[in-house]
Structures are given as C-alpha cells and as structure tokens.
**Q** 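This is the structure I have questions about; it appears just below.
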Amino acid sequence: MNEILARCAVMESHPSRCCQLTDVTSFEMSQSCIPIETLSLDHPSECPVHKDCSGDEWDTDLEPEEVAEKTKGISANDLYLQACEVVGVVPVSYFLRNLGNPILNLNHHGLGPLGAKALAIALVSDMKITNLELEDNHILAEGAKYLMDMLKGNCSIQDLNMSNNHLQSAGAEHVSKMLLDNVSLRSIKLSGNEFTEHDAKSFADVLSSNYRVKELDLSHNEFCEKGGEHLGQMLANNEGLHVLNLSWNHLRMKGAVALSAGLKVNLTIKSLDLSWNGFGNEGVLALGEALKFNSTLLYLDLSSNRVTNEGAGMLCKGLEANDTLKVLKLSNNPLTVEGALALLNSVKNTPKSALEKLNISNVLVNEVFLQLLEKTCQEHQGLEVIFGGVGGFIARKPKQHPDPMKMIQDYLDERKLRLWDFFRNIDKDGFMKVPVSDFRKAVQQTNIPLDRVQIEELIHRLDKDRTGMVDYRGLADTRKQMMRDQRRQLRKQESRQKKEKQKSDRVLQTFQSAVEAVTPRSSMVISPGLPGDSSSSQHFSATPLSSWHHVVMSNSSRYSVPNMSTEHVHLPPIGIQPRPGSSLKVRSSSQPNLHPEVRATSRTKPISALEFQTNSQPEITSSHPVSPASNSLTRSRPALTAHKHQTSTKASNHKSKPAKGKS
C-alpha cells in the first residue's frame, strides 16, 4: 500500500511526470500489503489520478505519513470507477449506491472475472462491509484469485457467498490458500462450484487447522467416496466448525462410512445437512454408531437418502444412546409405518432423549402410530412429529397355508406312526391304491387340521393324471419332495441371514477402520513390565487443543492406519538395573517360531518387576551348556528343538517353584 500511495503522491506533486508510470506494479491489499494484479496503464488517459501528464523524469523522498496525507482524499467510489475503467468493465450502480452498508448483495449481477477484479480493488481498504454476496456471477477461477488475494488482507468481511460461480478445482485451490491467511471469515458458501474429490482434500487440509470458520456450505458439488474420506478426516481434526452443509453430493458406501467416522470423534459440529446423498442402510448404520458417541450434534438432515425401515431400525440404536440431537429429518425416504413406529418407540423408550422435531413428512401413519405418539408426547412434551397423514398400513405378506403334506407328517410324528400305517388304515383291500373319495373322507375323519382347500390341493398333487386313484408310492414321493423343499427353504433363510450379518459386520469393520484412520497421530502409554511386552502398552490418541481422549486398542493387524504411529518404544522397567552380563528375556506372543507351550506360559504367567530383577539369570540344570544368546528369543532365531524346549520348561519350573533339597 505504501508503494501505491507514494506513487499517487508523486503524481500530485509532479503531474507532468505522471504518465511515465507505464506499469503500476501492484495494488497492495490493506495492511498486509498483498498484491491483486499488475494494472497496465499504457496511455496517459488511463492515469488513475491525472489525465494530462507528460514524460519527464521524477523522484520523491516523501515519508509514508506524508503519502497517506496526500492520498486520503481518494474515495472508494472513485477507486472503483477508476478500476472499472482500467480493466474495461461497466461499473455496477448497485455497488456505488450501497458503499456504506455492511451488507453488499451483488448476487446475479454477471460480474465475470474482470468485474470481480475491479470489485477486489475497491474493497482493498473498505472496512465497513461484513457480508459479501457474490452468488451466480460467473466469476470463474480467475476472478476467484483476485477476490481471494483481497480477502487475505481484508479483516472486516465475515460472511462470504460465492456459490454457483464455476470455480472448479483451480478456484478451490485459491480459496484454500486464502483460508490459511484470512482471520475474519466466519461463514463461507461454496455451493454448486463443481468441486471434485481432490478439492475435498484441499479443504480438509486447510480446515484441519483453521478453527475460525464456523459455517461451511459445500452442497451441490461432486464429492464421492474419496471426498467423504477427506471430509471425514476434516471433521475429526477441526474444532471450530459448527454448521456443515454437504447436501446434493454423492456420499455413498465408503464415503458415507468415513464421514460418519469423522462425526464420531468431532467435538464442535452442531448442524449437519446430508440430504440427497444416497447414504443407504450401510451409511445409516455407520451414522447410528457415530451418534452413540457424538455429544454436540443438534440438527441432522437425512432426507432423500434411500433409508428403508431396516435402516431406520439401525439408526434407532444410535438414537437410544444419544442425548443431544434435537432435530432429525428423514423425509422422502422409502419408510412405512413400521419404520415410523420404530423411530417413535426409540424416543419413547429413551428418557434422556432430547429429540424435539422428527420429520417423516412422506409417511402415512395409522391409528396405532397416533396412539403411540400420544403416549410419547406425555413423556416428551416438546416433541413434534411431522408425518404425511393418516391412512397408512403395515405391509404384511399374505398369510400362506402350511403345506398339507407337512401337516400330515407332523400328525404322524406326534403319534409316532409311519406313513405306511396311515395309508394301510385307508387301504382296507391292500391294493396300495385307494379311490380319491375314500382318501378325502379318511383325511376329514382324522384330527389333522386341514380345511377343504388344503385337502383338494393335496389330492391334486397326489393324482396329477386325474385317474381318480391315490397310490402309496405317490404319497411317499410327495413327502420326500416336501422335505427337500423344507430343507432348501431353511438353507435360503440361513444364507440370507448370514449375508445380512456379514454385510453389517463389513460396514462396522470399515467404520472402525475409518475411525482409526481419521484419529490424529497416536502416542504410547507404557506400563511397567518387561521390554518388548506388547501386552503392557496401549495406544491412545488425542485431538489437538481438546480434552478428548479416545482409546484405540490395536488388537488386530487387519486394520491399516496410515496416519498412526505403529512403532513400539521399549523402555526398561523403572528402578531395575540389570547386572553386567545379564540378558533381558524378551517375551512376545507374535513370534512364529516359538513353541505353543512356551507362548502359553509367557502369556499366562507374567513376570513381575521384582521377580525379573532377582531371576534375570535363571539357573539351568542341564548336561549341555547353553550359550548366552539362547537366553533371548529373537525373530531371526530358528525353531527351538525339543531338547531346548525341555530345558526352557525346566528353567521355567525352577523359577516358579522353590528348589527342594540340594540346589
């Protein structure tokens, strides 16, 4: 700023020398002196202060205070008009009329990149505007660069709206760099700017350390699986964001699970809009797990996310453990009365529930729901439920008649009779065939609970050729077919249940892995014990600048945690000084070459610090000398022989039991 002020002062002092300034190198931004862009003034008529300048040389020795005194008469109005003239755009009259207002709304004015450049020049030193609205102006990445350079130094603008400006990846990079330096922005709206997966990483990196931004709108963009992972990482690390809008993206499957993992460990988020993302039942399952731990979220919008009754049941498990969520929106999901009843029951059965508004506006409920709602509102008086109307019904499958052959078999099993005995009672002549009328009459006279329709169905299966006779062979074959169908149906049901359980387990495993991945870098807690004892250490990690500590037990090697340290720092037990020449016995259950009995002994009988100090050199009774290297078990050592295993067992027994007789 000092440079341009000095140049303007010189031009006022020496107007005849002004137009030798063929290049104003930079417009310094505010007090931070951030340049916007070089403005070329190739013609004397474009001089921003004087129009009639010649070409003599000039010089000045004015101090900055004198420069400010000389140029304080230039108004923001004049500066904007001159900037528009230089860049070649038509000034926006609305801007000129509202220069003194704290809110500047230039939405839908068609500024373009050059118009944004002129605006940025005018707002360099403006300290009155706090809310800048620039939605739908086709600013592009070029115009975003000018505005972001201005915002690096501007300390008055707190709310910025740059939605629907086609910023794309280059614009996202400019915004991210600006957030590293800006100290005033509290709310940023970047909806509909065609941001991609890589751009989500840029925002996640900068917002993991920027705690000043409280509201962020990234809706109507193109974040998918990787974008969900980056945004989940941002949620896990950020401690300033209160409102996050991610609606109308493509957060499904792993992206939804990763975002839920970040929500689980977040400490500040209060409002989260995830509508129109297609979370599905898998994402809702992970979200329910996150709600069990999150204690700050007040508003959650899951509208239009393909959540079925099954997903609603999964979400209920999280609602039953949550005591902070106040507003839950589930409209435009394929829910029925069953899902609505499950949600309402979860609120009724949770006395500590804080839910005040439940939106299921597309669901038609029934009288049972209304009765339950009345009972629930008596316990939770502030609860408001928005539903589609009365007239819904619980979808039930049509009642199927049991197989008549199975009912006959059950009748025989109860009385411990054979099928042959049943047929012989009907076949008095012993021809192994009976007329259909006799078979029908015999079945009706028994206590088998078969109605007329079931009996006719059975006769149709036994007399397929319409011969009018029922033979024993056809009856036996029908029973075999019934048993095969029953076993097949049972296998299908078990397979379906197994697949559903495996699917839920995979989602939960992915969720747990994502939680560990987004958790900040871990530390180690070493409890007193032997060096190398993995059972004496626990991983824990803490979010920076917070009091939250999340214990992560590393009991399985199948989870890959890229950003967590896996190095085990082995420290000697406190207060133990090994004697010279003694070797430290390393106990480990992860070495593949140890004998199973040796591993079991090491796990079931830990050595205390005192016992370790007194028995660091156990006395071994053996006819074969044991080298010092054999006292320590290393990974490079080959498998132990049977003799050495016996020696180790004797040494262990000698250590655990006092010697009798002569030592």
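Remember, predicted model here, so these are calculated numbers, not experimental data.
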**Q** Give a yes or no answer on whether the side chain of Asn193 reaches the backbone of Gln168 with a donor-acceptor pair at less than 3.5 Å.
**A** no
**Q** Are any of the side-chain heavy atoms of His380 and Leu355 separated by less than 4.5 Å?
**A** no
**Q** Would you call Glu142-Lys145 a salt bridge at under 4.0 Å N-O?
**A** no
**Q** Please tell me whether Ser331 and Ser303 have a donor and an acceptor in their side chains that are separated by less than 3.5 angstrom.
**A** yes
**Q** With a 4.0 Å cut-off, would you call Glu197 and Lys201 a salt bridge?
**A** no
**Q** What do you reckon, is CD1 of Ile103 surrounded by more than 12 foreign heavy atoms closer than 6.0 Å?
**A** no
**Q** First locate atom OG of Ser163, then atom CG of Asn137, and finally report the distance between them rounded to the nearest 0.5 Å.
**A** 11.0 Å
**Q** Is Lys406 atom NZ crowded by more than 12 heavy atoms from other residues, nucleotides or ligands, each under 6.0 Å away?
**A** no
**Q** Please determine whether the number of non-hydrogen atoms from other residues, nucleotides or ligands lying under 6.0 Å from atom NZ of Lys501 exceeds 12.
**A** no
**Q** Could you tell me whether Met407 atom CE has more than 12 heavy atoms of other residues or ligands within 6.0 Å of it?
**A** yes
**Q** side-chain contact (heavy atoms from CB on, under 4.5 Å) with Asn349: which residues, sequence neighbours excluded?
**A** Asn345
**Q** Sequence neighbours excluded, which residues qualify as side-chain contact (heavy atoms from CB on, under 4.5 Å) partners of Leu370?
**A** Val365, Glu367, Phe387, Val390
**Q** Scan Leu285, Leu330, Val307 and name whichever one has a side-chain contact (heavy atoms from CB on, under 4.5 Å) with Leu315.
**A** Leu330
**Q** When you check the side-chain N and O atoms of Asp505 and Gln509, is any donor under 3.5 Å from an acceptor?
**A** no
**Q** Pairing donors with acceptors under 3.5 angstrom, does anything connect the side chains of Gln409 and Asp413?
**A** yes
**Q** Could you tell me if Ser184 and Asn154 have a donor-acceptor pair between their side chains, going purely by distance under 3.5 Å?
**A** no
**Q** Please check if atom CD in Gln502 has more than 12 non-hydrogen atoms from other residues, nucleotides or ligands closer than 6.0 Å.
**A** yes
**Q** Evaluate side chain to side chain contact (heavy atoms under 4.5 Å, CB included) for Leu179 paired with Ile188, printing each intermediate quantity in order.
**A** CA-CA 10 Å; Leu179 289 175; Ile188 307 177; 3.3 Å; yes
**Q** Does any N or O in the side chain of Thr268 come within less than 3.5 Å of the main-chain N or O of His242, such that one atom is a donor and the other an acceptor?
**A** no
**Q** Can you tell me if NE2 on His198 sees more than 12 non-hydrogen neighbours from other groups inside 6.0 Å?
**A** no
**Q** For Ser176 and Asp205, test the side chains for any donor-to-acceptor distance below 3.5 angstrom and give the result as yes or no.
**A** no
**Q** If we ignore hydrogens and angles and just use 3.5 Å, is the side chain of Asn238 paired with the main-chain N or O of Leu207 as donor and acceptor?
**A** yes
**Q** Look at the side chain of Thr350 and the backbone N and O of Val347, then say whether any donor-acceptor pair between them is shorter than 3.5 Å.
**A** no
**Q** Between the side chains of Ser295 and Thr324, does any donor sit under 3.5 Å from an acceptor?
**A** no
**Q** Does a donor on one side chain and an acceptor on the other come within less than 3.5 Å for Ser169 and Asp199?
**A** yes
**Q** Among residues at least two apart in sequence or on other chains, which ones pass ring-ring contact (aromatic ring centres under 6.0 Å, His included) with Trp248?
**A** His220, Trp276
**Q** For atom NZ of Lys326, is the number of surrounding heavy atoms from other residues, nucleotides or ligands below 6.0 Å larger than 12?
**A** no
